[in-house]
Amino acid sequence: MTSKSLVLGTRPPGGALEVTATVADRGTDLSLSVDAGQVVAVLGANGAGKSTLLSLLAGLLRPDTGRITLDGQVLADAATGAWMPPHRRRVVLLAQQALLFPHLSAAANVAFGPRSQGQGRRAARDVADRWLAAVDATELADRKPAQLSGGQAQRIAIARALAADPAVLLLDEPMAALDVAVAPAVRQLLRRVLRGSGRTALLVTHDLIDALSLADRVVVIEAGHVVEDGPTRTVLTEPRSAFTARIAGINLITGTAQTTHLVTDTGTIVSGRLDPSCPVGEPAVAMFRPSAVAVHLTEPSGSPRNHLPVTITELEPRGDVVRLHTAPIPAVGALLADVTVAAAADLHLQPGDPVFFAVKATEVSIYSRAR
Ligand SMILES: Nc1ncnc2c1ncn2[C@@H]1O[C@H](COP(=O)(O)OP(=O)(O)OP(=O)(O)O)[C@@H](O)[C@H]1O
């Protein structure tokens, strides 16, 4: 098997998507354009509207208003009532659970797409064999889904999705239901599939590493709206929404930019370096990494640092560091600090302890944010 086998298809892969859609009873109003071949990570809290976006694209849900097109072809248009059924869309959804047809063998599951597109039995089986080989599952061809492990079933589901030769691949947390031991292998397979194929893909994930390693672009959905959209690196290193900052594991404090600092709504001053693109007096975010925080039991004096009084709520072991979580501070929110295991032990830190987080101004970046 080579990664080349993942790019084989009967027509050029990749399709450009245009979405403007509202779904009233889900409180969503989504707008998005995706270029052909782009891999977009879709992030957001539970209930934000990520699955709703995928359902709209897959044809499992009709928009109340708006229009969805793929390469200019209308998939759904609420104004005219135009509607393309799911199986004709060239869009395939890969869900958390493999959802294979239980009565069919793995090979027959994979051959299903080509068969329903009108290919003969033998041709469809050839396509299936090729994709089974591509996902390292040739030896599983004759097994029924009940005889497959979760990771094996998900590999078959990936093969089935690709055998249908979709222009757009939708992935709804495809690793979420997998055992931690098998997830890395499936992730690696997806990496090959997404990087090698030139297909357009939307990947719903809660995993920062997936977003970083698989996606060109990150879209963040909050309360049914796209609130952030940009190159993966930019969104994750210069997050503008609290959600992205949290999953990126970055401390983020919103307020108004001043030349040398940010002022929160309650007047807390956070000294930092103002990004040249951030206008003074405009809404901004101050950002610093948990590893930039020094923890003190008493307020430190006489150093050019930010000192924030906080209350520890949780100590989370993370390899050779302990991540400290705090109770929310008014207008600042909860903060994170990473300290060494030795430091956490020396300080005898426990949930409920009041401490000071100290951060050098040079460790704090201040960026503009949307109002
Ligand atoms: N079948 C449904 N019928 C009605 N409302 C729904 C349905 N599914 C989801 N919703 C609602 O629509 C909104 C968006 O949900 P959606 O499932 O798209 O969020 P999500 O971002 O995918 O969340 P999660 O990460 O939990 O999967 C939520 O308010 C949710 O309660």
Side-chain angles (χ1 to χ4, degrees), residues 17-34 38-68 70 75-76 78 83 85-87 89 91-99 150 153-154 157-158 161 166 168-180 183 186-187 190 194 200-215 217-230 232 235-236 239-250 252 334 370:
L17 286 167
E18 292 287 338
V19 184
T20 328
T22 66
V23 182
D25 68 0
R26 297 198 185 187
T28 54
D29 184 351
L30 297 160
S31 291
L32 190 66
S33 300
V34 181
Q38 206 167 38
V39 179
V40 181
V42 181
L43 307 179
N46 291 127
K50 307 179 295 293
S51 302
T52 300
L53 173 64
L54 298 197
S55 299
L56 285 163
L57 292 168
L60 306 176
L61 187 65
R62 286 177 191 252
D64 292 323
T65 66
R67 193 165 189 266
I68 302 169
L70 171 58
L75 302 184
W83 174 256
H87 65 276
R89 289 192 171 201
V91 175
V92 170
L93 175 65
L94 187 68
Q96 282 184 25
Q97 310 288 346
L99 303 176
Q154 199 59 312
I158 292 168
V168 179
L169 195 56
L170 306 174
L171 304 125
D172 197 351
E173 296 189 62
M175 263 86 67
L178 296 181
D179 204 281
V180 282
V186 174
R187 181 178 291 121
L190 281 178
L194 295 177
T200 307
L202 273 77
L203 166 73
V204 169
T205 180
H206 284 107
D207 190 325
L208 193 62
I209 305 303
D210 285 343
L212 273 170
S213 60
L214 296 175
R217 174 179 162 197
V218 165
V219 164
V220 181
I221 299 180
E222 226 168 61
H225 296 81
V226 173
V227 294
E228 270 195 281
D229 184 352
T232 305
V235 171
L236 297 180
R240 302 291 204 274
S241 71
F243 175 81
T244 326
R246 191 163 52 74
I247 69 144
I250 292 170
L252 184 108

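Bear in mind that the values here come from a model prediction, so they are computed numbers and not experimental data. Indexing begins at 1, ligand by ligand and atom by atom, following the structure's order.
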To the nearest 0.5 Å, how far apart are CG in D29 and NE2 in H225? 4.5 Å
In terms of its nearest heavy atom to atom 15 (O) of ligand 1, the top option of L56, T52, V42 is T52
Nearest heavy atom to atom 27 (O) of ligand 1 wins, so pick from A223, G27, S51, G49. S51
Measuring to protein heavy atoms, does anything land under 4.0 Å from atom 31 (O) of ligand 1? no
If you measure from atom 10 (N) of ligand 1 to every heavy atom of R26, K50, E173, which option wins on shortest distance? R26
Check P174 against Q154 and note the closest heavy-atom contact, atom names and distance. O-NE2, 2.9 Å
Pull out every atom of ligand 1 sitting under 4.0 Å from any heavy atom of N46, numbered as shown with elements. 23 (O), 24 (P), 25 (O), 26 (O)
Just how far is it from atom OG1 of T200 to atom CG of L70, taken to the nearest 0.5 Å? 7.5 Å
How long is the span from the CG atom in L57 to the CG atom in L93, to the nearest 0.5 Å? 9.5 Å
At a non-hydrogen distance cut-off of under 4.0 Å, which region of A45 contacts ligand 1 (side chain, backbone, both, or neither)? backbone
Nearest-contact summary for atom 23 (O) of ligand 1 - protein heavy atom, Å: G47 N, 2.7 Å
How many angstroms lie between atom CG of L202 and atom CG of L170, to the nearest 0.5 angstrom? 6.0 Å
Pairwise distance CD(E173) to NE2(H206) - rounded to 0.5 angstrom: 5.0 Å
